[in-house]
Protein chains: 2
Amino acid sequence: MPKASPQSNNASPTDEPASQNEAVQEWELSVIETFVHAAQLIGVPKSVGQIYGLLYCRENPLPMDHIMDALGISKGSASMGLKTLRQIGAVKTVFVIGDRRDHYSPELRLRKLVSGFISDQVQPHLDSGGERLKHMESLLEELPGDRRKFAEQRIQSLGSWHGKMTTILPILRKLL
Amino acid sequence: MPKASPQSNNASPTDEPASQNEAVQEWELSVIETFVHAAQLIGVPKSVGQIYGLLYCRENPLPMDHIMDALGISKGSASMGLKTLRQIGAVKTVFVIGDRRDHYSPELRLRKLVSGFISDQVQPHLDSGGERLKHMESLLEELPGDRRKFAEQRIQSLGSWHGKMTTILPILRKLL
DNA sequence: AAAAAAGTTCAAGTTTTCTTGAACTTTAGG
DNA sequence: CCTAAAGTTCAAGAAAACTTGAACTTTTTT
């Protein structure tokens with residue numbers, strides 16, 4: 001049992017509170033838990049949800065070592081989690097004078113979060129789907145006439161789904 | 001190597017085509033692959049995507065054993081995959097006269113698919129999130145005054161996200 | 001009723017994904 | 001420059017998720 005996990009401990013104020021004394025409060029635990037659930041829903045690692053959740057609860061930007069200590073996660077996890085969060089635009093780096101460490105603050109605008117997630121995780125799938133559609137159409141040429149009509153219908157229907165998703169995403173980005 | 005998987009074989013027409021001779025054609029492979037990707041995006045098992053993809057390509061409802069043979073998956077996987085698909089309303093059971101087996105046909109309307117997925121996989125998360133929000137509000141009472149104001153702000157913001165998602169989902173269900 | 005077909009369930013095995021820790025790179029100060 | 005702090009990377013280990021296969025339940029046929 002190397003370190004108490006914020007998910008499982010009871011947040012008593014004197015629980016070996018990590019190097020910088022960044023004990024996690026009970027309401028924060030609850031927020032973090034919420035983001036861990038959300039992370040699982042959208043298919044990103046738990047640690048990413050934890051990190052974002054922690055930052056969301058803090059008024060000031062935190063450096064990576066505070067995050068590691070508060071959540072009891074490794075340097076590697078923290079680094080990769082922050083990388084993911086930066087990639088989707090869910091955190092930004094803040095420079096603090098007189099401190100070499102990068103500090104991180106969360107993006108608080110839902111629209112930005114959704115937008116970043118869509119560009120990074122959804123759009124690529126839609127694009128590769130478009131490629132596959134073209135490929136399918138080329139394969140249709142070689143089909144016997146009777147089965148071909150049916151296959152054409154289905155692939156056309158797939159195409160219309162693709163189109164709908166393509167129009168919906170930009171709307172979603174603005175709607176939130 | 002028990003059976004050739006539709007994902008990895010080259011679909012040559014005489015590849016040990018399964019008991020009922022339900023060889024999977026090349027365009028079908030491509031469609032199935034598309035649904036497997038989609039499945040991964042929305043966080044359901046690969047086999048679920050495979051099964052739906054196969055049904056999507058066939059004009060007539062298929063019984064479970066055809067599905068197993070065509071995809072080279074086990075009875076257990078097929079049964080559980082179909083269960084999931086029924087649950088989200090992505091397939092329906094069709095009774096064929098003179099055949100004891102259940103046959104399955106795919107739901108083809110995007111709106112129904114999205115709607116079923118949302119009710120089954122997203123709504124529960126939103127609901128439990130609502131619960132956690134209430135819990136957080138109760139925890140706030142016990143906070144020292146200075147930190148409390150900030151915590152209240154954040155939790156209120158979380159609440160507004162929750163509200164936005166709650167209003168967006170029904171819109172999405174209709175928009176597609 | 002017995003037997004067989006269809007379908008479900010679940011423990012065990014497999015595969016995939018996430019986390020860790022140590023080595024490595026980079027940057028800042030002395 | 002040299003040293004140390006900060007951060008990244010990645011191979012190996014741990015954990016989670018999926019699949020399998022066999023036992024079990026239900027339903028139908030003889």
Side-chain angles (χ1 to χ4, degrees), chain A residues 1-8 19-20 35-37 39-52 54 61-87 91-104 121, chain B residues 1-8 19-20 35-37 39-52 54 61-87 91-104 121:
Chain A
M1 190 194 285
K3 269 173 195 168
S5 137
Q7 292 310 303
S8 59
S19 65
Q20 302 277 159
F35 282 109
V36 168
H37 280 247
Q40 298 188 163
L41 177 61
I42 68 176
V44 301
K46 175 180 159 181
S47 64
V48 169
Q50 285 180 282
I51 296 170
Y52 182 84
L54 177 65
L62 299 182
M64 196 169 84
D65 56 315
H66 281 220
I67 294 170
M68 292 163 51
D69 291 340
L71 298 174
I73 63 179
S74 69
K75 205 172 167 181
S77 253
S79 175
M80 295 184 76
L82 285 167
K83 186 181 180 181
T84 300
L85 288 167
R86 281 193 307 264
Q87 210 162 42
V91 304
K92 67 170 187 293
T93 305
V94 174
F95 297 95
V96 171
I97 52 171
D99 194 335
R100 251 173 83 182
R101 299 168 300 180
D102 288 339
H103 290 59
Y104 294 96
Q121 314 272 304
Chain B
M1 189 193 288
K3 270 173 194 166
S5 139
Q7 294 311 301
S8 58
S19 66
Q20 303 277 157
F35 282 109
V36 168
H37 280 248
Q40 298 189 163
L41 176 62
I42 68 176
V44 301
K46 176 181 159 180
S47 62
V48 170
Q50 285 180 285
I51 295 170
Y52 182 84
L54 177 66
L62 299 182
M64 196 170 85
D65 57 315
H66 281 220
I67 294 170
M68 291 163 51
D69 291 340
L71 298 174
I73 64 179
S74 68
K75 204 172 168 183
S77 254
S79 174
M80 294 183 76
L82 285 167
K83 186 181 179 182
T84 300
L85 289 167
R86 280 193 307 261
Q87 209 160 42
V91 303
K92 69 169 186 292
T93 305
V94 174
F95 297 95
V96 171
I97 51 170
D99 194 336
R100 249 173 85 181
R101 299 168 299 180
D102 288 338
H103 290 59
Y104 294 95
Q121 314 272 302

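Quick caveat, the model's predicted, so the values are computed rather than measured.
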- Query: When the distance from CG of L62(A) to P of dG7(D) is rounded to whole Å, what number comes out?
  - Reply: 12 Å

- Message: Among residues at least two apart in sequence or on other chains, which ones pass side-chain contact (heavy atoms from CB on, under 4.5 Å) with Q40(A)?
- Response: V36(A)

- Task: Identify, between P63(A) and A78(B), the residue whose nearest nucleotide on DNA chain D lies closer to the 5' end.
- Result: P63(A)

- Query: With sequence neighbours left out, what residues match P63(A) under side-chain contact (heavy atoms from CB on, under 4.5 Å)?
  - Reply: D65(A), H66(A), R101(A), H103(A)

- Query: Looking at residues at least two apart in the chain, or sitting in another chain, which of them share a side-chain contact (heavy atoms from CB on, under 4.5 Å) with P45(B)?
  - Reply: S47(B), V48(B)

- Under the side-chain hydrogen bond (donor to acceptor under 3.5 Å, both in side chains) test, which residues partner R100(B), sequence neighbours left out? none

- Message: Can you measure I67(B) atom CD1 to dT8(C) atom P for me and round it to whole angstrom units?
- Response: 11 Å

- D99(B) CG to dT27(D) C1', straight-line distance once rounded to whole Å: 14 Å

- Message: Rounded to whole Å, please give me the gap between CZ in F95(B) and C1' in dA6(C).
- Response: 13 Å

- Would Q50(B) and I73(B) satisfy side-chain contact (heavy atoms from CB on, under 4.5 Å), going step by step from the backbone distance to the final call? CA-CA 10 Å; Q50(B) 285 180 285; I73(B) 64 179; 4.0 Å; yes

- Message: One character per nucleotide, please: for nucleotides 23-30 of chain C, 5' to 3', B when the base has a protein heavy atom closer than 4.0 Å, S when only the sugar-phosphate does, - otherwise.
- Response: ----BS--

- Mind calculating the distance between NE2 (H66(B)) and P (dG7(C)) to the nearest angstrom? 11 Å

- Query: Could you state the CE-C1' distance from M68(A) to dA22(C), rounded to the nearest angstrom?
  - Reply: 13 Å

- Item | Y52(B): partners by side-chain hydrogen bond (donor to acceptor under 3.5 Å, both in side chains), with sequence neighbours left out | none

- Query: In whole angstrom, what separates D65(A)'s CG from dA4(D)'s P?
  - Reply: 19 Å

- Item | Sequence-distant partners of A39(B), side-chain contact (heavy atoms from CB on, under 4.5 Å), two or more places apart | V44(B)

- Below 4.0 Å: OP1/OP2 of dT8(D) and any side-chain N or O of R86(A): yes

- Message: Quick test of your reading: applying side chain to side chain donor-acceptor pair (under 3.5 Å), list the pairs with at least one residue in residues 73-85 of chain B, sequence neighbours left out, ordered by first then second residue.
- Response: none

At a cut-off of 3.5 Å, list every protein nitrogen or oxygen paired with a nitrogen or oxygen from nucleotides 14-19 of chain D, distance to 0.1 Å.
{"unit_1": "dT19(D)", "atom_1": "OP1", "unit_2": "S47(B)", "atom_2": "N", "d": "3.3"}
{"unit_1": "dT19(D)", "atom_1": "OP2", "unit_2": "S47(B)", "atom_2": "OG", "d": "2.9"}

- Specify the separation, in whole Å, of atom CG of D102(B) and atom P of dA5(C). 17 Å

- Message: Surrounding CE of M64(B) (heavy atoms of other residues, nucleotides or ligands, distance under 6.0 Å), is the total greater than 12?
- Response: yes

